[in-house]
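Take a look at the structure set out below.
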Amino acid sequence: MKIFPLILLSVCGLSACSTSQTQQQNTVQKQCKVDENIQRHAIPATPNNMSLPVFGQGVIGWATGEEGAKQRLQSVEKQDIASFKKQGVTLAMLQEWQAFYENEQKRNPCNPTAAYRAQLMQKIVMLWTE
């Protein structure tokens with residue numbers, strides 16, 4: 001008799017936990033969806049129409065994913081501007097990419113990389129104009 005109430009409590013505990021996790025996942029899914037009321041911006045130009053991976057990873061140096069963009073945001077410096085210019089990047093391109101990622105961040109909150117790339121582009125623009 002003493003074991004049955006413990007098992008019942010354990011099962012109820014798991015059930016409550018499972019329900020709580022499901023509710024949290026549903027909340028995240030509701031918050032984490034593309035806002036269809038915000039139109040996606042056209043993909044901005046790259047120097048000499050280079051591919052997006054060559055531009056992003058090779059020229060800007062943001063690696064891949066959220067962590068790669070975050071690391072580049074922390075490491076980009078004023079001295080990088082000369083290299084960007086040499087590879088055909090213009091201030092107008094950087095501003096277009098910044099606007100693209102700011103829009104993408106609003107449109108798709110499920111894309112954590114967009115926020116870091118928007119900040120990275122903003123920082124590069126700031127360094128460019130200092």
Side-chain angles (χ1 to χ4, degrees):
M1 266 324 227
K2 291 182 180 178
I3 296 175
F4 182 74
L6 291 175
I7 292 172
L8 183 58
L9 280 173
S10 177
V11 170
C12 289
L14 287 174
S15 176
C17 179
S18 178
T19 301
S20 176
Q21 287 175 344
T22 301
Q23 288 172 340
Q24 287 175 338
Q25 289 172 345
N26 288 342
T27 300
V28 168
Q29 288 174 350
K30 287 179 184 176
Q31 294 171 349
C32 188
K33 70 177 205 177
V34 174
D35 185 339
E36 295 179 14
N37 295 317
I38 299 175
Q39 186 174 6
R40 184 174 191 202
H41 285 187
I43 305 249
T46 59
N48 301 312
N49 295 316
M50 66 179 59
S51 72
L52 298 180
V54 170
F55 173 70
Q57 295 172 16
V59 176
I60 302 300
W62 60 41
T64 57
E66 177 182 6
E67 193 57 37
K70 183 178 179 182
Q71 288 175 352
R72 187 60 175 142
L73 173 62
Q74 294 168 348
S75 69
V76 71
E77 298 177 349
K78 176 83 172 165
Q79 63 198 26
D80 295 316
I81 302 302
S83 174
F84 297 151
K85 289 179 180 180
K86 188 175 182 179
Q87 295 180 72
V89 176
T90 67
L91 180 58
M93 278 180 197
L94 294 169
Q95 291 167 329
E96 287 177 27
W97 278 102
Q98 179 184 347
F100 174 83
Y101 281 117
E102 286 173 349
N103 181 72
E104 192 60 18
Q105 178 184 3
K106 291 174 192 167
R107 189 184 79 81
N108 184 1
C110 306
N111 181 353
T113 305
Y116 285 110
R117 289 184 180 173
Q119 290 173 45
L120 173 60
M121 291 297 154
Q122 181 180 23
K123 184 176 179 180
I124 295 171
V125 165
M126 181 196 70
L127 292 170
W128 189 294
T129 58
E130 281 184 341

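Quick caveat: nothing in here was measured; it's all calculated off a predicted structure. Values reported hereafter were calculated over all heavy atoms of this structure, with side chains retained and with hydrogens, waters and symmetry mates removed.
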Is there side-chain contact between [X] and [Y], with heavy atoms separated by less than 4.5 Å?
{"X": "N111", "Y": "Q105", "value": "no"}
{"X": "R107", "Y": "R40", "value": "yes"}
{"X": "F84", "Y": "V76", "value": "yes"}
{"X": "D35", "Y": "N108", "value": "no"}
{"X": "M93", "Y": "P44", "value": "no"}

Spacing of [X] atom [atom1] and [Y] atom [atom2] [to the nearest 0.5 Å]:
{"X": "L127", "Y": "D80", "atom1": "CG", "atom2": "CG", "result": "8.0 Å"}
{"X": "Q98", "Y": "L91", "atom1": "CD", "atom2": "CG", "result": "10.0 Å"}
{"X": "W97", "Y": "I60", "atom1": "CH2", "atom2": "CD1", "result": "9.5 Å"}
{"X": "Q119", "Y": "R72", "atom1": "CD", "atom2": "CZ", "result": "15.0 Å"}
{"X": "Y101", "Y": "T113", "atom1": "OH", "atom2": "OG1", "result": "8.5 Å"}
{"X": "K78", "Y": "M126", "atom1": "NZ", "atom2": "CE", "result": "9.0 Å"}

Among N49, N48, V89, which residue meets the side-chain contact (heavy atoms from CB on, under 4.5 Å) test with F55?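 Option passing the side-chain contact (heavy atoms from CB on, under 4.5 Å) with F55: V89.
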
Checking R117 against W62: charged group under 6.0 Å from the ring centre and within 45 degrees of the axis? yes

What verdict does the side-chain hydrogen bond (donor to acceptor under 3.5 Å, both in side chains) test give for S83 and Q87, after you've listed the backbone C-alpha separation in whole Å, the side-chain angles of each residue and the deciding distance to 0.1 Å? CA-CA 6 Å; S83 174; Q87 295 180 72; 2.9 Å; yes

Of the non-hydrogen atoms in G68 and A63, which two are nearest, and what is the gap between them? CA-CB, 3.7 Å

Heavy atoms only: give me the nearest L94-I124 pair and the separation to one decimal.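 Heavy atoms only, the tightest pair is CD1-CG2, 3.4 Å.
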
Quick one: does any side-chain atom of K123 pair with a main-chain N or O of L73 as donor and acceptor, under 3.5 Å? yes

